[in-house]
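What follows is one structure encoded as structure tokens, with my remarks underneath.
We're numbering straight along the sequence, starting at 1.
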Amino acid sequence: MLSMVARGTAFEQRSLQLLQECFSMSLKRVGGKSDGGVDLLGWWWLPLSSDSQPIPSTPPRRRIRVLAQCKAEKKKFSPNYVREMEGVWHMHTQDRSPSESSIPVSELGTVALLLSESKFTTATLTRVLGSNVPFLLIHLPPPLPISQDPRAETTLGEVGCAFWNPALGGAQGLLRGRLDIRWERDPGGGGRPGLWYRDKRVQNWTPDTHGEYINALEYIDR
């Protein structure tokens with residue numbers, strides 16, 4: 001049986017892989033005593049164009065700052081973790097100026113990401129729905145033993161659910177209602193969440209996997 005530390009580390013690594021392969025996020029582990037309440041930190045690369053500019057056939061990728069917490073616990077995920085993350089989000093986005101914060105500021109905003117190995121309670125989802133903080137929640141259950149799970153070679157296992165609140169995905173939210181999360185089923189059963197933009201599947205992309213960098217400031221909203 002894994003220790004709590006080893007279990008938490010394994011869950012963070014599995015979360016990193018999922019977020020890069022399914023959500024176009026390039027994150028790194030920053031957990032530790034001085035992590036400021038953040039386990040994973042990085043960017044979310046999305047094909048969002050400016051309101052003041054025409055939509056090109058292939059929109060450029062723009063980056064959103066991601067602050068993530070990973071909870072590899074057996075008990076259900078409670079609203080207390082949401083309140084904690086709201087405090088972390090405010091600390092990094094409003095209570096500090098860009099020159100004072102150790103976390104770079106995104107020109108598009110910052111999303112609070114919560115990943116849990118256990119299910120989210122109804123009270124947790126209700127709290128997130130009413131929050132003004134842009135939230136993305138992902139349930140990533142423990143993987144089955146290799147002999148029981150044909151997908152185990154990917155080390156990801158099943159994805160329970162992916163959910164965001166109006167402050168992130170709504171028409172007035174950070175993403176302006178332009179993106180959808182859709183469940184994509186595998187032929188052999190199971191499935192994974194996928195991102196869709198204007199009824200088209202968003203191809204996975206990060207600078208890490210493509211060996212290039214995009215000037216995200218080029219399409220800043222004016």
Exercise. What residue among K75, K71, K76, R14 forms salt bridge (Lys or Arg N to Asp or Glu O under 4.0 Å) with E117?
Worked result: R14
Exercise. Looking only at heavy atoms, what is the nearest atom pair of L40 and S15, with distance?
Worked result: CD1-CB, 4.2 Å
For this session: Please examine the side chains of V202 and P47, heavy atoms only from C-beta on, and report whether any two atoms are closer than 4.5 Å.
Result: yes
Exercise. Rounded to the nearest 0.5 Å, what separation is found between the CG atom of L113 and the CZ atom of F135?
Worked result: 10.0 Å
For this session: Check whether any side-chain heavy atom of L175 lies under 4.5 Å from a side-chain heavy atom of I64, and answer yes or no.
Result: yes
Exercise. Got a donor-acceptor contact below 3.5 angstrom from the N204 side chain to the Q20 backbone?
Worked result: yes
For this session: Taking the six-membered ring of W45 (Phe, Tyr or Trp), confirm whether the NZ or CZ of R61 is under 6.0 Å from its centre and within 45° of its axis.
Result: no
Problem set entry | Derivation and outcome, side-chain contact (heavy atoms from CB on, under 4.5 Å), residues L174 and W164 | CA-CA 11 Å; L174 196 61; W164 60 38; over 6 Å; no
For this session: Please determine if R65 forms a cation-pi arrangement with W44, meaning its NZ or CZ atom is less than 6.0 Å from the six-membered ring centre and no more than 45° off the ring axis.
Result: no
Exercise. Of L137, V128, N132, V133, which is the lone residue that meets side chain to side chain contact (heavy atoms under 4.5 Å, CB included) with N165?
Worked result: V128
For this session: Please confirm whether the backbone N or O of W205 pairs with a side-chain atom of S24, one donor and one acceptor, at under 3.5 Å?
Result: yes
For this session: Check H139 against S118 and note the closest heavy-atom contact, atom names and distance.
Result: CD2-O, 3.2 Å
Exercise. Where do D199 and R182 land on the salt bridge (Lys or Arg N to Asp or Glu O under 4.0 Å) test, with the steps shown first?
Worked result: CA-CA 10 Å; D199 291 326; R182 300 185 185 180; 2.8 Å; yes
Problem set entry | Heavy-atom closest contact (A162 atom, I138 atom, distance) | CB-CG1, 4.3 Å
Exercise. Going by heavy atoms in the side chains, are L140 and F11 under 4.5 Å from each other?
Worked result: yes
Problem set entry | Minimum heavy-atom distance D39-C70, with the two atoms named | OD2-N, 2.8 Å
Exercise. Can you check whether V38 reaches H92 side chain to side chain, under 4.5 Å on heavy atoms?
Worked result: yes
Problem set entry | S78 OG to E84 CD distance, which is reported to the nearest 0.5 Å | 9.5 Å
Seminar exercise, completed: CE (M25) and CG (L41) are apart, to the nearest 0.5 Å, by 12.0 Å
Problem set entry | Hphob cluster co-occupancy, W196 + L179, side-chain heavy atoms under 4.5 angstrom | no
Exercise. So, do L195 and L46 sit near enough that their side-chain heavy atoms are less than 4.5 Å apart?
Worked result: yes
Seminar exercise, completed: dist S131:OG -> R83:CZ (nearest 0.5 Å) comes out at 11.0 Å
Problem set entry | Side-chain donor-acceptor pair present, Y81, E73, cut-off under 3.5 Å | yes
For this session: For residues V66 and T110, determine if any side-chain heavy atom of one lies less than 4.5 Å from a side-chain heavy atom of the other.
Result: no
For this session: Quick one: pull up CZ in R176 and CG in L108 and give me the separation to the nearest 0.5 Å.
Result: 9.0 Å
Exercise. Would a 4.5 Å heavy-atom cut-off, applied to side chains only, mark T9 and R29 as touching?
Worked result: yes
For this session: Go through L115 and Q69 one step at a time and tell me if the side-chain contact (heavy atoms from CB on, under 4.5 Å) criterion holds.
Result: CA-CA 6 Å; L115 300 110; Q69 285 187 352; over 6 Å; no
Exercise. Is V82 close to L114 at the side-chain level, that is, under 4.5 Å between some pair of heavy atoms?
Worked result: yes
Exercise. Which atoms form the tightest heavy-atom contact between V111 and P134, and what is the distance?
Worked result: CG2-O, 3.4 Å
Problem set entry | Donor-acceptor contact below 3.5 Å, side chain T121 vs main chain F77 | yes
Exercise. Tell me, which pairs form a salt bridge (charged side-chain N to carboxylate O under 4.0 Å, His left out) where one or both residues lie in residues 121-141, sequence neighbours left out?
Worked result: E86-R127
Problem set entry | Heavy-atom closest pair, residues W183 and C161 | CZ3-CA, 4.2 Å
